[in-house]
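Worth saying up front: this structure is predicted, and the values here are computed from it rather than measured. We name chains A, B, ... by the order of the sequence lines, and we start the count at 1 in each one.
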Amino acid sequence: MSDVEMPLAVKHEQDETHVSSNPVTDDGNIDNSNSDSDTPLQKRKRPLARKNVIKEEDEDDEDIESSDSGAPFVKRTRPAVKRKSYNDDDSDNNGSYGSPSTSKKSSRSSTSLSDGQNDSSSDSDVPLAAKKKIVPAKSNGSAKKNGTNGTSRTKAVPKYKEESSESDSDTPLAKKTSTKKTAPAKSVAKSSATKVKKEPDTVSSHKAKASDNSKSKKRGKDEPDNKDKVKKVKKEEEEEEDPNAWWLNQNDNDNENEDDSVKWTTLHHNGVLFPPEYVPHGVKMKYDGKPITLAPEVEEVASFFAALLYTEHAENPTFQHNFFKDFKKIAKAHKTVPEITSFAKCDFTQIYDYFQLEKEKKKNITKEQKQAIKDEKQALDDQYGICYLDGRKEKVGNYRIEPPSLFRGRGKHPKTGCLKLRVQPEQVTLNLSKDAPIPKAPAGHKWAKIVHDDTKTWLATWKENVNDSFKYVFLAAGSSLKGQSDFKKFETARALKKEVANIRRGYMADLKDKKMFIRQRATALYLIDRLALRAGNEKGEDEADTVGCCSLRYEHVTLEKPNILHLDFLGKDSIRFQKTMEVDDQVFKNIRLFKREPAQEGDDLFDRLKTSELNKHLQSLMKGLTAKVFRTYNASFTFQDQLQKLTPKNGTVAEKLLAYNRANREVAVLCNHQRAVSKGHAAQMDKISDKIRAFKYQKMKLKRTILTLEPKLKKKRPELREPESDLEDDWIAEYETQLMEKEREKVRLKWEKENQKRKENKEKPMTEKELKDMLKEVDAREKELVKERKTGTVHGSKSATVEKCDAQLLKVDERIAATRTAMVDKEENKQTALGTSKINYIDPRISAAWCQKHDVPLEKIFTKTLRDKFKWAMTVDANWEF
DNA sequence: GCTGCCACTTAGCAAAGGCAGA
DNA sequence: TCTGCCTTTGCTAAGTGGCAGC
């Protein structure tokens with residue numbers, strides 16, 4: 001089997017590419033004289049229209065219809081921004097790749113497939129499904145019935161009604177809502193429950209599990225502790241009686257066709273929290289070497305930049321350019337003297353230094369001050385951090401209005417550095433139920449609008465000025481609405497699991513379709529499925545140049561005979577996607593066809609395909625299916641598959657966790673979730689190595705003690721004479737010197753502490769001589785160590801016995817193993833971000849079931865926040881399968 | 001049928017918090 | 001108890017995809 005079938009087998013090289021720097025000229029413009037043509041400020045080359053008729057000499061392609069009846073061949077035009085490959089100066093990476101000319105005339109016939117490649121239409125060639133062992137879900141199928149397949153969505157009629165933006169009530173939220181204890185006739189729990197049905201093995205309770213004593217099988221040494229911990233966590237979390245446990249409160253008789261667009265019946269909240277008004281610090285910036293006085297409004301913007309000095313943002317020419325443009329404007333508006341016209345003459349370091357000082361001060365505040373800050377935060381959380389949805393208390397997520405700042409766009413975002421203005425209450429619309437008291441707007445202000453839209457989950461919204469996009473205040477991740485949404489997402493992915501073999505057969509057949517549009521759709525789907533690519537919607541010219549599958553361009557794809565595909569592009573967040581994989585021969589042929597001359601840099605690879613068309617097709621294959629479901633499905637499937645393969649049956653908890661993280665990592669790699677290697681990574685690794693060496697040293701000493709106690713064991717137990725690896729004589733000598741030095745330091749501290757105590761008790765202090773005597777003991781020990789090194793005999797403590805030493809040896813071995821495991825985990829994890837896939841793509845029920853099955857405490861894999869977010873998933877039993 | 005708007009999910013980074021070792 | 005490092009959380013940017021309106 002070729003590894004083309006397995007997303008995991010994809011070879012990948014990852015890298016991160018970010019902005020390059022161009023100097024900013026005095027007038028605030030970017031000097032491009034030395035840069036390549038890749039600057040975001042330049043126009044992207046408009047793609048040339050490709051010839052309509054494409055002739056392919058390969059027999060399959062000969063009679064492709066040139067004008068798809070289903071898809072009018074109108075070449076789409078993209079924003080006219082010239083886009084050059086971001087990795088122009090990284091040519092080494094591509095040097096060995098097949099040049100675009102490989103896509104020209106090929107002597108290969110369709111039968112010249114690589115070894116093991118079958119006809120793409122055959123079953124054996126159906127990807128993943130056929131190759132991976134797909135275990136049918138053990139559930140009773142209700143998921144399909146309930147999740148996404150069973151309901152027909154009734155179109156929502158938004159119940160919009162505007163009201164006066166004046167606040168009409170001071171009544172505190174809790175007081176008002178507390179009278180509304182009974183759930184409304186159509187509560188979320190009910191309406192959502194119609195889609196979220198009970199699966200017998202899904203809702204078996206943890207309580208039953210907790211009382212199950214059958215798990216008294218042999219445990220690792222650390223496990224009794226863990227068991228207690230599990231119990232403790234379970235108990236704590238069970239004790240928090242959850243009135244929002246919608247997943248337990250499902251009614252089989254609920255009407256499946258019920259309108260699921262209505263999200264709530266009543267919604268009460270306290271509005272949003274605005275950032276405090278700006279308080280000027282009075283620290284002056286320098287202009288042309290001289291301190292200048294700034295109006296508070298100007299000082300605020302200067303401070304935004306000063307706070308970012310020496311960061312990548314402040315070094316980024318686009319950021320500088322955009323900041324300076326806005327800064328100049330605001331400085332002029334406030335008649336700053338002298339007029340600020342040159343970025344190069346601006347010196348923000350004094351403000352930066354002031355912030356550093358403030359940071360230091362903040363570090364050194366008293367306990368009481370810290371507590372006061374904490375209390376203040378708690379009070380705000382109490383006021384704004386909760387709301388009442390259908391009478392039930394729920395957490396609000398981000399109730400703070402985003403403070404003014406400089407927009408920190410990622411990658412080569414053309415607007416990065418622009419001034420993000422302070423949001424006024426007059427821009428903020430609140431969404432709450434008609435019966436809810438309207439929160440008071442800040443003094444002297446009023447709200448933009450008050451709406452009562454029960455089809456929306458947001459509590460507040462406003463428009464930001466930089467990208468003209470909407471911002472929202474939503475419920476927290478652990479809320480019922482978010483939980484139900486998560487549940488639905490994973491149920492759709494599970495539904496895909498049942499359909500995926502058919503869908504794959506379908507798109508593999510479509511790869512040879514006569515219509516170009518269908519071929520492109522099938523090829524794109526193949527890539528989305530195999531490489532977990534994002535859909536790739538079209539983007540505007542005022543956004544960073546990043547792509548997904550449907551927006552891949554000519555220059556992102558390179559082919560290498562016989563069937564190797566290289567992909568290299570910037571994906572979401574300008575994270576580089578760089579992978580090489582073997583692809584199905586027909587996919588290879590198709591991409592070669594799509595890349596045909598006169599296609600050139602800047603041209604779309606899939607010039608007839610849009611994400612909307614792709615998703616429309618997917619909807620026809622399975623209800624609720626979109627491109628992104630493949631990512632969720634493949635992530636969860638891969639995770640479960642890897643967990644099953646990697647988890648050691650009789651391993652320790654540490655070993656099982658290593659397996660868990662490895663499975664998680666496979667998913668993170670599949671989804672291309674990257675992170676920068678932390679600055680201190682190498683030093684941290686060295687530290688762990690030292691720790692292991694120290695353990696080995698202990699082991700060596702114990703072995704020698706045993707042999708000193710029982711010299712006869714030399715023959716019986718030859719392993720006692722074997723030297724420890726990595727323990728050179730020089731290292732041992734140095735280590736022992738360090739040990740003794742630390743010992744002396746300890747003795748001195750002990751002596752000082754004792755004297756301090758005696759002083760307080762008005763007793764006679766210890767003398768210097770006594771200290772010297774104590775230090776002499778250390779000297780004697782050091783001499784002894786030198787002797788031990790020479791002779792190889794170690795006497796150990798007076799009470800030392802062979803049995804005791806053996807027991808200690810065992811313990812040290814365990815510690816070495818655990819530390820090694822942690823070290824391997826850390827090294828393997830340095831470039832990969834596991835969190836994103838864990839939070840968004842991996843069905844949490846897989847983890848919950850795994851924890852139960854392998855007796856691993858849940859809190860080892862999910863933080864409190866995640867346990868809260870996934871509480872709906874924690875009730876599965878050990879045999880639950882995705 | 002196309003386009004842009006809107007609502008929501010997904011994403012990495014940086015600050016805050018918490019914990020282990022000194 | 002303190003310090004420094006690692007983990008967790010908060011923030012907000014950047015995606016996806018449905019749908020209204022032209």
message = The side chain of A:Arg534 is closest to which nucleotide in this list: C:dA13, B:dT3, C:dG15?
response = C:dG15

ask   = Has A:Arg631 got a side-chain N or O lying under 4.0 Å from the OP1 or OP2 atom of B:dA11?
value = yes

message = Between A:Ser551 (side chain only) and A:Val547 (backbone N and O only), is there a donor and an acceptor less than 3.5 Å apart?
response = no

message = So A:Leu552 and A:Phe569, do their side chains get closer than 4.5 Å, heavy atoms only?
response = yes

remark   = Side-chain contact check for A:Glu402: nearest option of C:dT12, B:dT3, B:dC8 is C:dT12

query = Between A:Lys489 and B:dT10, is there a side-chain N or O to OP1/OP2 distance below 4.0 Å?
reply = yes

query = What is the distance, rounded to the nearest whole Å, between atom NZ of A:Lys869 and atom C1' of B:dA11?
reply = 13 Å

ask   = Taking atom C1' of C:dT7 as reference, at what distance in whole Å does atom NZ of A:Lys838 sit?
value = 11 Å

ask   = Which part of the nucleic acid, if any, lies within reach of A:Gln619 when heavy atoms closer than 4.0 Å are counted: base, sugar-phosphate only, or nothing?
value = sugar-phosphate

note = A:Trp462 atom CH2 is separated from C:dT12 atom P, nearest whole Å, by 8 Å

note = Residue pair A:Gly571/A:Leu866 against DNA chain C: nearer the 5' end by closest nucleotide is A:Leu866

message = For A:Asp486, is there an ion pair with A:Lys869 - N to carboxylate O distance below 4.0 angstrom?
response = yes

note = A:Asn840 has its side chain closest, among C:dT12, B:dA11, C:dG17, to B:dA11

message = Between C1' on C:dT16 and NZ on A:Lys572, what's the gap in Å once rounded to a whole number?
response = 8 Å

ask   = What integer distance in Å separates A:Arg675:CZ from C:dT8:P?
value = 12 Å

query = Can you check the A:Glu543 CD to C:dG15 P distance for me, whole Å?
reply = 7 Å

request  = Please determine if a side-chain N or O atom of A:Arg400 lies less than 4.0 Å away from the OP1 or OP2 oxygen of C:dC11.
outcome  = yes

request  = Just say parallel, tilted or perpendicular for the rings of A:Phe305 and A:Phe323, cut-offs at 30° and 60°.
outcome  = parallel

ask   = Less than 6.0 Å separating the ring centroids of A:Tyr310 and A:Tyr352?
value = yes

message = Strictly below 4.0 Å: does A:Thr546 bring a side-chain N or O up to OP1 or OP2 of C:dA14?
response = no

query = Below 4.0 angstrom from OP1 or OP2 of C:dT16, is there any side-chain N or O of A:Asn537?
reply = yes

message = Whether A:Thr863 contacts C:dT8 is assessed here as follows: a side-chain N or O lying under 4.0 Å from the phosphate OP1 or OP2. Is that the case?
response = no

message = Assuming nearest nucleotide by heavy-atom distance, tell me which of A:Ile839 and A:Ala535 is located more 5' along DNA chain C.
response = A:Ile839

query = Roughly, in whole Å, what's the span from CG in A:Leu475 to C1' in B:dT9?
reply = 15 Å

key: From C:dT9, C:dA14, B:dC8, nucleotide with atom closest to A:Thr865 side chain   = C:dT9

task = Kindly indicate whether the side chain of A:Glu464, heavy atoms from C-beta on, has any atom under 4.5 Å from the side chain of A:Ser469.
result = yes

inquiry  = Side-chain N or O of A:Lys471 versus OP1/OP2 of B:dA7: is the shortest distance under 4.0 Å?
reply    = no

inquiry  = At less than 4.0 Å, is any side-chain N or O atom of A:His413 found next to OP1 or OP2 of C:dA13? Yes or no.
reply    = no

Residue-phosphate contact under 4.0 Å: A:Asn615 side-chain N/O, C:dG17 OP1/OP2 = yes

ask   = Considering heavy-atom distances to DNA chain B, does A:Ala833 or A:Lys463 have its closest nucleotide positioned more toward the 5' end?
value = A:Lys463

ask   = Is the distance from OP1 or OP2 of B:dC6 to the nearest side-chain N or O of A:Ser469 less than 4.0 Å?
value = no

query = So what does A:Ser485 hit on the nucleic acid, given a heavy-atom distance under 4.0 Å: a base, only sugar-phosphate, or nothing?
reply = sugar-phosphate

task = Would you indicate what A:Phe474 reaches in the nucleic acid, counting non-hydrogen atoms under 4.0 angstrom: base, sugar-phosphate, or nothing?
result = base

inquiry  = Quick check on B:dT9: is either OP1 or OP2 less than 4.0 Å from any side-chain nitrogen or oxygen of A:Tyr472?
reply    = no

inquiry  = Regarding A:Gly536, tell me which of base, sugar-phosphate or nothing describes its non-hydrogen contacts under 4.0 Å with the strands shown.
reply    = sugar-phosphate

request  = Give A:Thr611 one of three labels, base, sugar-phosphate or nothing, depending on what nucleic acid heavy atoms sit under 4.0 Å from its own.
outcome  = nothing

message = Under 3.5 Å, is there any donor-acceptor pair linking the side chain of A:Lys628 to the base of C:dT16?
response = no

ask   = How would you label the contact of A:Lys420 with the nucleic acid (heavy atoms, under 4.0 Å): base, sugar-phosphate, or nothing?
value = sugar-phosphate

query = Rounded to the nearest 0.5 Å, how far apart are OG1 of A:Thr546 and NE2 of A:His413?
reply = 9.0 Å

ask   = Rounded to the nearest Å, what distance is computed from the NZ atom of residue A:Lys456 to the P atom of nucleotide B:dT9?
value = 13 Å

